[in-house]
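Taking it in order: structure first as structure tokens, then the write-up.
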Amino acid sequence: MKSEQRVKISGTGGYLPARRVTNDDLAAELDTSHDWIVSHTGICARHIMAADESPCDMAERAARVALERAGVAAADLGYIIVATTTQDYSGFPSTACLLQGRLGATQAGALDISAACTGFVYSLEVARGLMHCDRGARPTLVVGVEAMSRIVDWKDRNTCVLFGDGAGAAVLELTSEAGRGILASYLRAEGSNPDTLYCGGGLRTQPPVTEARLAHMNGRVVFGFAVKAMAEVVLHFLETLQLSPEQVSFVVPHQANIRILQAAQKRLPIAPEKFFMNIAEVANTSAASIPLALAELDRSGRLRAGDLVITTGFGAGLTYGGNAILW
Ligand code: UT7
């Protein structure tokens, strides 16, 4: 690798399952309403994986689109990284290995990354590190995929209305082009209160595992953390990269709750219209959220080469972080 080279995103892809579940559909089964959900979260619908689909199926759909848009053959990939907490197998093999086999990426190393909703942000930085370490690095495929519908308690209105399924993918390549590529990432964790947002099951002994593999959340605590964390990430980049707010083309936040995004926006000097949002249609897809949003923004034609895009996310762990990318 030459010192002036950066890692750029050369192709994106997204996949949402065909089954679209509206708030009214949920209200038919649960003590909730369209008005409550939309006013408290900004969510109108979510997409749910079919009974015969798997997370790897969704990841493959998004990956193939990203590879095609990048003009990269799967056989040329050097790494496949999958950010997910809802794997096809519980534990192993990783979803990245399954995807490697599906795509026929015969030269690729493959690994999953577990950082919940911040998983894609973490994965981009891990990929960047690998590509900078590995002289002459091949392209890397990074996918965020999540089947949240399989781990939410559909009787718990506090959590189930928030989530959806999907996958987003990005192909990364080294570039020497001036004004393109990932400038920096910011990765943080606050792991001292894991019960704020966790998935049951697992092998821990303290406290002993008694519950099923279902998501649990203290919504208000997560809300407060999220607003602070999402704003901190963007402010970090403005300060450390010495950027003016006008230089930021888009902020692509984790689509968790529109009220979180609006509260974070108010803490930042960046114009509200620069915050990309698709939560109304996709809900919170955890690790797939940011790459799905990037793929949609990319496809919309609103992004120009060299635009500065800042991602910012948070999730279970608790984790948070972002990436500053010259598109
Ligand atoms: O990727 C990270 C994932 N997590 C998040 O982003 C979650 C962050 N937190 C949130 O988004 C919000 O805290 C929620 C949307 C989960 C909840 O909104 P809230 O304004 O904090 O509501 P609340 O928890 O204070 O609850 C207010 C009321 C309660 O009723 P009572 O106790 O006041 O009678 C809840 O039982 O709203 C009730 N409620 C609902 N009502 C209708 C909670 N969920 C629902 C619902 N439909 N789906």
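First listed ligand is number 1; within each ligand, the first listed atom is number 1. Treat the numbers as computed from the prediction; the structure is a model and nothing was measured. Computed over heavy atoms, backbone and side chain alike; hydrogens, waters and symmetry mates excluded.
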Gap between atom CD1 of Ile9 and atom OG1 of Thr140 - 0.5 Å precision: 12.0 Å
Are there protein heavy-atom neighbours of atom 38 (C) of ligand 1 below 4.0 Å? yes
Do the charged groups of Arg20 and Glu281 touch, with an N to O distance under 4.0 Å? yes
Mark up the atoms of ligand 1 that fall under 4.0 Å of a heavy atom belonging to Thr41, in ascending order. 15 (C)
For Val161, atoms of ligand 1 separated by under 4.0 Å from a heavy atom: 48 (N)
Ligand 1 atoms in contact with Phe314 (distance to a heavy atom under 4.0 Å): 2 (C), 6 (O)
How about Phe225 and Tyr320: are their ring centroids closer than 6.0 Å? yes
Would you say atom 8 (C) of ligand 1 touches the protein, meaning some protein heavy atom is under 4.0 Å from it? yes
What I want to check is whether the side chains of Thr196 and Asn193 have a donor and an acceptor closer together than 3.5 Å. no
On a heavy-atom basis, I'd like to know which of Glu146, Arg220, Gln255 is closest to atom 24 (O) of ligand 1. Arg220
Do any non-hydrogen protein atoms sit less than 4.0 Å from atom 20 (O) of ligand 1? yes
Is a side-chain donor-acceptor pair under 3.5 Å present for Thr41 with Asn257? no
Just let me know how Asn284 lines up against ligand 1, side chain, backbone, both or neither, with a heavy-atom cut-off below 4.0 Å. side chain
Please check atom 2 (C) of ligand 1 for a protein heavy-atom neighbour under 4.0 Å. yes
For ligand 1, which atoms have a heavy atom of Ala256 less than 4.0 angstrom away? 6 (O)
Say whether Thr84 and Glu146, considering side chains only, have a donor N or O and an acceptor N or O under 3.5 Å apart. yes
On a heavy-atom basis, the closest approach of Ser289 and Pro253 is OG-O, 4.5 Å
Any donor-acceptor pair under 3.5 Å from Asp156 side chain to Asp153 backbone: no
Ligand 1 to Arg259, heavy atom cutoff 4.0 Å, flagged ligand atoms 18 (O), 19 (P), 20 (O)
Find all atoms of ligand 1 within a distance of less than 4.0 Å from any non-hydrogen atom belonging to His254, and give their numbers and elements. 1 (O)
Ligand-residue contact atoms, ligand 1 with Ile260, heavy atoms, under 4.0 Å: 6 (O), 8 (C)
Protein heavy atom at shortest distance from atom 47 (N) of ligand 1: Thr32 OG1, 2.6 Å
Can you find a protein heavy atom closer to atom 33 (O) of ligand 1 than 4.0 Å? no
Of the choices Val227, Asn257, Leu30, which has the non-hydrogen atom that lies closest to atom 10 (C) of ligand 1? Asn257
Contact check: Leu162 vs ligand 1, nitrogen or oxygen atoms, below 3.5 angstrom: no
